[in-house]
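Letters A, B, ... are given to chains in the order of the sequence lines, protein chains preceding strands, and every chain is numbered from 1.
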Amino acid sequence: MHDIKYIRSNPEEFDNHLNRRGLDPMSEEILSIDKARREKIRKAENFRAGLNQQSKQAGLAKSKGSLGEFERLRASISNTKEDAQKLEQEASKENRKLEGLLLTIPNLPSPDVPVGSSENDNVEIKRWGEPTKFEFAPVEHFEIPAVKPGMDFTTAAKISGSRFVILSGSIAKLHRALAQFMLDVHTEENGLQEVWTPVLVNPETMLGTGQLPKFAEDSYRTEEGKWLIPTSEVPLTNIVSGLTVDEDYLPRRYCAHSQCFRSEAGSAGKDTSGMLRQHQFEKVEMVSITKSSESENEHDRMLRCAEDFLERLKLPYRTVVLCTGDMGFGAKKTYDIEVWLPGQEKYREISSVSNCGDFQARRMNARYRPKGVKTTNFVHTLNGSGLAVGRALIAVLENYQQADGGISIPDVLAPYLKGATSILPNGEFVDI
RNA sequence: GGAGGGGUGGCAGAGUGGUCUAAUGCACCGGUCUUGAAAACCGGAGUGGGGGAUUCUCCACCGUGGGUUCGAAUCCCACCCCCUCCGCCA
């Protein structure tokens with residue numbers, strides 16, 4: 001949500017930022033609605049002020065016993081009341097019109113975000129490790145012999161449809177181990193608070209983080225009008241919605257492990273094989289709520305938390321800054337971490353870490369009170385995957401595949417798998 | 001699902017038709033006192049919006065949306081949420 005006062009006093013700057021995102025200028029349309037809106041408000045409020053005056057006088061006349069005077073005023077107010085209501089309705093219509101428009105405009109990119117139109121314009125800022133070398137031709141995760149018994153797309157399609165999977169045995173356990181490992185590191189080393197949240201949320205919550213009103217088709221809605229979360233960023237960030245917190249309360253650092261649901265409308269035909277892109281997947285998410293002055297540092301900290309997992313798992317990755325055209329709706333700056341997938345011979349997104357500034361906070365009305373100041377400020381909100389569990393599973397499987405069709409297991413996961421060091425080509429754990 | 005109770009500022013909590021311009025307490029901010037702090041005392045302070053300007057003014061907001069009334073935090077209706085009990089249930 002954008003600050004109308006900012007647009008009013010900096011229309012060209014606002015349009016320039018939109019232009020960097022590849023969007024047409026909007027300030028003229030916005031300001032003309034704003035002008036009409038203020039005109040209606042002025043009329044309605046002046047009229048209401050007059051009525052309020054008369055009401056007061058009527059009450060006074062009645063208490064004094066001047067019944068004639070009271071009747072005269074009462075009649076006069078009755079006659080004009082409908083006019084007042086009409087004016088007020090017009091004013092509130094203009095208000096809704098302006099707000100409706102502002103809610104559909106994406107966040108303005110930070111000045112340091114590279115301008116571009118697609119993922120091809122993203123800028124690599126870091127590369128860690130070398131693409132894994134194999135003595136044989138590595139395959140995609142779903143082709144690995146050790147994986148096949150534990151990753152069943154056919155049965156999942158029967159009971160749910162396309163883009164679902166059933167994991168079982170060693171693969172299900174490895175998947176679970178990854179999530180546990182991430183949660184433990186976040187809570188024990190990164191200082192995040194573990195949170196378990198609903199995965200069904202109300203429309204206001206989806207509006208707060210920006211999924212609504214514009215991207216309704218990307219998520220699933222229940223018959224009662226609740227929404228399945230596409231990421232636990234949604235409930236985690238909305239924890240502070242509607243609140244004014246003391247400065248001391250910040251920063252809040254949350255993490256949650258949740259199911260995520262996405263309709264994947266618009267990605268038909270993309271990543272159709274394997275479990276890279278599913279309607280339902282698991283993700284460990286990080287969310288930070290900070291003071292406005294702290295969000296940039298927090299953004300870097302959060303990125304490090306995510307990168308660190310790949311280093312511990314010894315998975316090669318690169319980090320990119322998304323260009324203006326590839327950034328999500330609510331972000332002012334986003335880092336993507338892409339992990340090396342030997343089966344595809346590509347780096348693929350495994351984490352996205354965004355600073356939303358005060359964009360979501362305005363939508364959810366989340367503020368903090370700085371010390372020694374009377375006014376309140378909007379908090380800044382940040383979110384990042386740490387990590388996408390399903391994709392982490394894929395990355396481990398592909399990078400740790402062996403010539404015999406088995407899979408070795410990263411050292412850091414062994415404690416979560418009763419010390420198992422590998423999965424045999426038949427899908428059974430060794431040493432368990 | 002049924003019955004009952006409730007939702008008021010950052011928090012607690014009073015207020016059942018007319019100076020509510022929402023009491024009081026806590027927390028907060030400024031000041032006095034103090035070497036400093038605490039305590040005490042004095043004062044200030046809600047959120048959003050409109051107009052005019054830097055001394056101001058007006059409108060809206062007491063869960064949400066309607067309604068009654070000259071006038072609604074207060075009365076009526078619907079919905080949402082919370083609590084207690086009953087029923088059902090993982």
Interatomic distance, A:Glu247 CD vs B:rG10 P [rounded to whole Å]
18 Å
For A:Asn365 and B:rG9, what is the distance between atoms CG and C1' respectively, to the nearest whole Å?
14 Å
Can you pull out the residues from residues 34-44 of chain A that lie within a 4.0 Å heavy-atom distance of RNA chain B?
A:Arg37, A:Arg38, A:Ile41, A:Arg42
Looking at B:rG4, which nucleotide sits across from it as a Watson-Crick or G-U wobble partner, both distances under 3.5 angstrom, or is there none?
B:rC83
Interatomic distance, CZ@A:Arg253 vs CD@A:Gln193, rounded to 0.5 Å, equals 12.0 Å
Round to a whole Å and report the spacing from CD of A:Glu224 to C1' of B:rG1.
15 Å
Drop me the distance from A:Lys332's NZ to A:Ser354's OG, to the nearest 0.5 angstrom.
12.0 Å
B:rA39 pairs with which nucleotide, Watson-Crick or G-U wobble, both distances below 3.5 Å?
none
Enumerate the residues from residues 356-363 of chain A whose closest heavy atom to RNA chain B is under 4.0 Å, giving them by residue number; use none for an empty result.
none
How long is the line joining CG of A:Asn377 and P of B:rU47, in whole Å?
12 Å
5′-ward residue of the pair A:Lys226/A:Asp246 relative to RNA chain B
A:Asp246
To the nearest Å, give me how far apart CG (A:Leu98) and P (B:rG49) are.
11 Å
Taking the basic N atoms (NZ, or NE/NH1/NH2) and the acidic carboxylate oxygens, is any pair closer than 4.0 Å for A:Arg48 and A:Glu45?
no
To the nearest 0.5 Å, tell me how far A:Phe329 CZ sits from A:Cys356 SG.
10.5 Å
Using a 4.0 Å heavy-atom cut-off, write out nucleotides 56-75 of chain B from 5' to 3' as B (base contacted by protein), S (sugar-phosphate only) or - (no contact).
--BBS--------BBS----
Separation of A:Glu307 CD from A:Arg312 CZ (nearest 0.5 Å)
13.0 Å
Pair partner, B:rU47 [Watson-Crick or wobble, under 3.5 Å]
B:rA60
When rounded to whole Å, the CZ to P distance for the pair A:Arg369 and B:rG9 reads 13 Å
Go ahead and name the base partner of B:rG65; Watson-Crick or wobble counts if both distances stay under 3.5 Å, otherwise write none.
B:rC77
I need the A:Phe261 CZ to A:Asp218 CG distance, nearest 0.5 Å.
15.5 Å
Distance check needed: B:rG48 P versus A:Met1 CE, whole Å only.
13 Å
What's the spacing between A:Leu393 CG and A:Glu398 CD if we round to 0.5 Å?
10.0 Å
Looking at A:Ile350, A:Ile394, A:Leu313, which hits side chain to side chain contact (heavy atoms under 4.5 Å, CB included) with A:Val339?
A:Ile350
Flag the pair A:His380 / A:Tyr368 as yes when their ring centroid distance falls below 6.0 Å, and as no otherwise.
no
Mutual orientation of the aromatic rings belonging to A:Phe164 and A:His279 [parallel < 30°, tilted 30-60°, perpendicular > 60°]
tilted
Opposite nucleotide pairing with B:rC20, Watson-Crick or G-U, both atom distances under 3.5 Å
none
Under a 3.5 Å limit on both distances, the Watson-Crick or wobble mate of B:rG71 is none
Should A:Ser219 and A:Gln211 be marked as a side-chain hydrogen bond (donor to acceptor under 3.5 Å, both in side chains) after you check the CA-CA gap, both sets of side-chain angles, and the distance that decides it?
CA-CA 8 Å; A:Ser219 293; A:Gln211 281 71 28; over 6 Å; no
Taking the six-membered ring for Trp and the single ring otherwise, decide whether the centroids of A:Phe359 and A:His2 are under 6.0 Å apart.
yes
